[in-house]
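One structure is given here, and the rest of the page talks about it.
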Amino acid sequence: MKKERYLVQKNPFVVPTTDGKYIGEHFGNASDGNTEISIAHMIAPANWSEPFQTPEFDEYTFIISGKKMFIIDDESILLEAGQSIKIIAGTRVQYSNPFSEPCTYLSICKPAFHFKKVHREEV
């Protein structure tokens, strides 16, 4: 029996959201049970934000189109298309798109994203 040497992901797991954000996880806990890394295609709608969080995983973000705002401690960091950032596990951060256009980006989490390890603050 030949061992599979690759996996083409044609149907990512679409995470249900209530804030209009699209999360299509290609690999990770929800899509294929991978606990080591998660890779997701994300679209943050215009004028979107979420509460501060302090995740237990490193998160890498690569902006494909649009802009995204990151607040880390008291510092605001703006990323545009073609730019990326790594946020270290245990860092308190808020993500938002306070702009008039959607922001499309890739999110890679290591270890893989898990909602119990995000630690979002109550609003």
How would you list all residue pairs meeting salt bridge (charged side-chain N to carboxylate O under 4.0 Å, His left out) that involve residues 23-47, not counting sequence neighbours?
none
Kindly state each residue pair satisfying salt bridge (charged side-chain N to carboxylate O under 4.0 Å, His left out) with at least one member in residues 95-113, sequence neighbours excluded.
none
Report yes if the side chains of [X] and [Y] come closer than 4.5 Å at any heavy-atom pair, otherwise no.
X    : Y   : result
P111 : T35 : no
C103 : I63 : yes
S31  : Q9  : yes
D58  : K86 : yes
Y60  : I85 : no

Testing the 3.5 Å rule here: is there a donor-acceptor pair between the side chains of S107 and E59?
yes
To the nearest 0.5 Å, what is the distance between OG1 on T54 and CD on Q94?
11.5 Å
Using 0.5 Å steps for rounding, measure from the CD1 atom of I64 to the CE atom of M42.
11.0 Å
Shortest non-hydrogen contact from [X] toward [Y]:
X    : Y   : answer
A81  : S65 : CB-CA, 4.0 Å
I87  : T91 : CG2-CB, 3.8 Å
G24  : P12 : C-CB, 3.9 Å
L79  : S84 : CD2-C, 3.6 Å
P102 : I43 : CB-CG2, 4.1 Å

Suppose we screen for side chain to side chain contact (heavy atoms under 4.5 Å, CB included). Which residues come up paired with H114, at least two apart in sequence or across chains?
N29, K116, K117
Salt bridge (charged side-chain N to carboxylate O under 4.0 Å, His left out) against E50, all qualifying residues, sequence neighbours excluded
K21, R120
Can you pull out every ring-ring contact (aromatic ring centres under 6.0 Å, His included) where at least one residue sits in residues 61-102? Sequence neighbours excluded, please.
F70-Y95
Are V93 and I71 close enough, and set up right, to give a side-chain contact (heavy atoms from CB on, under 4.5 Å), and what steps lead you there?
CA-CA 6 Å; V93 59; I71 300 175; over 6 Å; no
Sequence neighbours excluded - side chain to side chain donor-acceptor pair (under 3.5 Å) pairs with any residue from residues 67-82
K68-Y105
Tell me, which pairs form a side chain to side chain donor-acceptor pair (under 3.5 Å) where one or both residues lie in residues 38-48, sequence neighbours left out?
D19-W48
The criterion is side-chain hydrogen bond (donor to acceptor under 3.5 Å, both in side chains); which residues satisfy it with [X], sequence neighbours excluded?
X    : answer
T61  : none
E121 : R92
E56  : H119

After noting the C-alpha distance and the side-chain angles of L7 and F27, does the key distance pass the side-chain contact (heavy atoms from CB on, under 4.5 Å) rule?
CA-CA 10 Å; L7 172 64; F27 300 98; 3.7 Å; yes
What pairs with F57 under ring-ring contact (aromatic ring centres under 6.0 Å, His included), at least two apart in sequence or on another chain?
F113
Connected hydrophobic set around V8, excluding itself, where side chains approach under 4.5 Å:
Y6
